[in-house]
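Report on the following structure.
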2 protein chains.
Amino acid sequence: MTSDAPPKMNATEQAYQIIRKDILTGKLAEGERLTEARLSDDLGLSRTPIREAIGRLIFEGFIDRQKGYTTRVAHVPQDEAEQVYEIRRLVECYSVERAARLATEEDIAELREIHAAMKDDTPPRDKAAYERLTQANEAFHRAIVSAARSPRLTALMTTALDVSMVVRTYSMFSDKDLLRSLNHHEEIIQAIEARAPKWASSIMSAHLLAGAARVAERTSKSDPEGE
Amino acid sequence: MTSDAPPKMNATEQAYQIIRKDILTGKLAEGERLTEARLSDDLGLSRTPIREAIGRLIFEGFIDRQKGYTTRVAHVPQDEAEQVYEIRRLVECYSVERAARLATEEDIAELREIHAAMKDDTPPRDKAAYERLTQANEAFHRAIVSAARSPRLTALMTTALDVSMVVRTYSMFSDKDLLRSLNHHEEIIQAIEARAPKWASSIMSAHLLAGAARVAERTSKSDPEGE
DNA sequence: AGTACTTATTCTGCATGCAAAATTCTGATT
DNA sequence: AATCAGAATTTTGCATGCAGAATAAGTACT
C-alpha cells in the first residue's frame, strides 16, 4: 500500500508532490540544503521538472532561497495545519459570501452535482471511496471559490488547498465527521440558493472550524512535542 | 520614459514582469492564445524563462491553461483592484492580530525603522522619493505579515497582492492620502507594541479601506466602462 | 594557529534538442 | 456541403549542455 505513485501525473507534479511530502514528513529535515542535482538523482528525473517543483515550493514557502545558490528546507511550524484552517476560513468565508451573491445557475448545478457524488460515498465503504470523497470535497470547495468570480481569490486558494490536502492524508475523519461535513455542504448550497451571504458564511465557518478541531485533536495526540 | 527595464533582473523575472504588464495593459488581449515559441521570440529569450514565467502567471490566474496545449490570456475583471484590497484586508487584519500577539522586539524595531524611512519621504519631493516610499510601504506590510509567524500567510502575500501589480496607475495618492497612511502605520505599530490585536486589526482595516476608496475613485473616473 | 587570498569545484540560470501529445490541415465519403 | 479519418504540423514536457556565479578547498603569510 501507499504505492509510490499513481501514473497519471507529469514529472513536475510528481516531483512537487514528493518533495513537499518529504518536507512535511521530515524526511527532508528543516534547514537541510537542497540541490537540484541531488533531488534530480533521488527522484530519477531530470533537473527541469525538479527546478519547476522547487520554484513552486519556494513560492509557497516550504523552501527558502538564501542569497546565492543556497536553498534550504524551510521551517514548518507545528501549528501548520491549524494555520491552514484559519486561513481557509478567512478566504472561504469571504468566497462563499460572494458566491451567494454572484453564483450562476450553472455554478449551483455544479455544486449540487459534486454534492450528490459525495453523498453516494458517505460513509465511504472502502479506500477507493474515501479517495473519491477527498477529491470531491476539494472540488466542492474549489467550485465555491470559483463561483466567487475573483481570479485573485482562486489563486490564493490553490496554495491553501494544496497544503491542507497533505495534512488531511494523515488524519482520517470518522464516519460521524464525514456525515456532519456532508450536511454542512448541503446547507451551504441552500444558503447560496437563498442568496444569503451571511448564512453561507456562517456555515462555512462552522464547517472549517469543525475540521480544524478534528485535526487539532489528532495532532495533539500523536505529536506532543512543543516548538 | 518608462524605459524597457532596469538591468538588475534575471530572464525569468523579466519575462514575468513584461508578460504580466502586457496582459494588464491589454497588449495581450483577453482570450488570446499564447505559445512559448512566440513569446520567446518576442522577448528575445529562450523558452526556459518564458516557461517559468507562464507557470507563475497561470498560478496567479493571469493566464488560463485549457485542457491540452492551449493557453490563453485570462479575463481580468475590472473590479480587480477592489478585490485585491478586500483580500488584503482579510489577510492583513488577521496577520496584524497575530503580530500584536507574537511580534518580537526585533520585529517591532524593524517596523519602526521602515516607518522612520517613510516619514522622511512623506510627502515625496520627487519621483525617486515616491518610488522609495512605495518600496518601503510594501516592506512595511510584508514585515507585519512576517511578524505573524505563519509561513502560509507569508506565501499568500507573495501572490500578486499588490495593487500596483494589477492596475497601472502612477502616483494615484495625494500628499494628504500619504500623510494619513503614514499616521495609520504609526498607530499600527503602537497597537502592536501595546499588544492590542483588535486595535491593530481595526486600524489596519481602516488603512486598507482608505486605500481602496482612493483607488475606486480613480478607476471609476478614468475607466467608465462596465463589465 | 588564524586570516586573507587564490584556485578548484559545485551549482544555478539559460539555451537547445528531441519525442510524444495536441492541434490543424487535407481529402475522401456520404 | 458536412462529417470524419488520417496525415502533417505545431506545441509542449522533459533531458541535456554550457557559461558564469557562488561555494568550498587549498595555500601562503602574519
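Hydrogens, waters and symmetry mates are skipped; everything else that's a heavy atom, side chains included, is used. Just so it is clear: chains get the letters A, B, ... in the order the sequence lines come, proteins before strands, and each one is counted from 1.
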| task | Output yes when B:R142 and B:E92 qualify as a salt bridge under the 4.0 Å nitrogen-oxygen rule, no when they do not. | result | no
| So A:H115 and A:F140, would you call those rings parallel, tilted or perpendicular, with 30° and 60° as cut-offs? | tilted
| task | Would you mind reading off the distance between B:I50 atom CD1 and C:dT16 atom C1', rounded to a whole angstrom? | result | 15 Å
| field | Nucleotide nearest A:R65 (side chain, heavy atoms from C-beta), chosen from C:dG13, D:dT12, D:dT16 | value | C:dG13
| field | Atom-to-atom span, CG of A:L34 to P of C:dC11 - whole angstrom | value | 12 Å
| query | Base, backbone or nothing for each nucleotide of nucleotides 18-26 of chain D, written B, S, -, heavy atoms under 4.0 angstrom, 5' to 3'? | reply | B-BBSSS--
| request: For B:T48, report the nucleic acid contact type (base, sugar-phosphate, nothing); a contact means any heavy atom under 4.0 Å. | output: base
| field | Distance in angstrom units between A:L39 CG and C:dT12 P, rounded | value | 9 Å
| said: Is there a side-chain contact between B:S46 and the phosphate of C:dC14, meaning an N or O under 4.0 Å from OP1 or OP2? | reply: no
| query | Salt bridge between A:E32 and A:K27, side-chain N to carboxylate O under 4.0 Å? | reply | no
| request: Dump the intermediate steps for side chain to side chain contact (heavy atoms under 4.5 Å, CB included) on A:H185 and A:H141, then the final yes or no. | output: CA-CA 9 Å; A:H185 283 198; A:H141 285 266; 3.5 Å; yes
| Whole-Å distance between D:dG13 C1' and A:Q14 CD? | 13 Å
| message | As an exercise, state the distance from CZ of B:R20 to CG of B:L28, rounded to the nearest 0.5 Å. | response | 13.0 Å
| Can a salt bridge be assigned to the pair A:E86 and B:R152 using a cut-off of 4.0 Å between side-chain N and carboxylate O? | no
| field | Nearest-Å distance for atom pair CZ/C1', residues B:R51 and D:dT12 | value | 6 Å
| field | B:R112 with B:E193: basic N within carboxylate O range, under 4.0 Å | value | yes
| What is the distance, rounded to the nearest whole Å, between atom CD of B:E36 and atom C1' of D:dC14? | 12 Å
| remark: Separation of D:dA15 atom C1' from A:L43 atom CG, nearest Å, is 15 Å
| field | Rounded interatomic separation in angstrom, taking CZ from A:R72 and C1' from C:dC11 | value | 14 Å
| said: At less than 4.0 Å, is any side-chain N or O atom of A:T35 found next to OP1 or OP2 of C:dT10? Yes or no. | reply: no
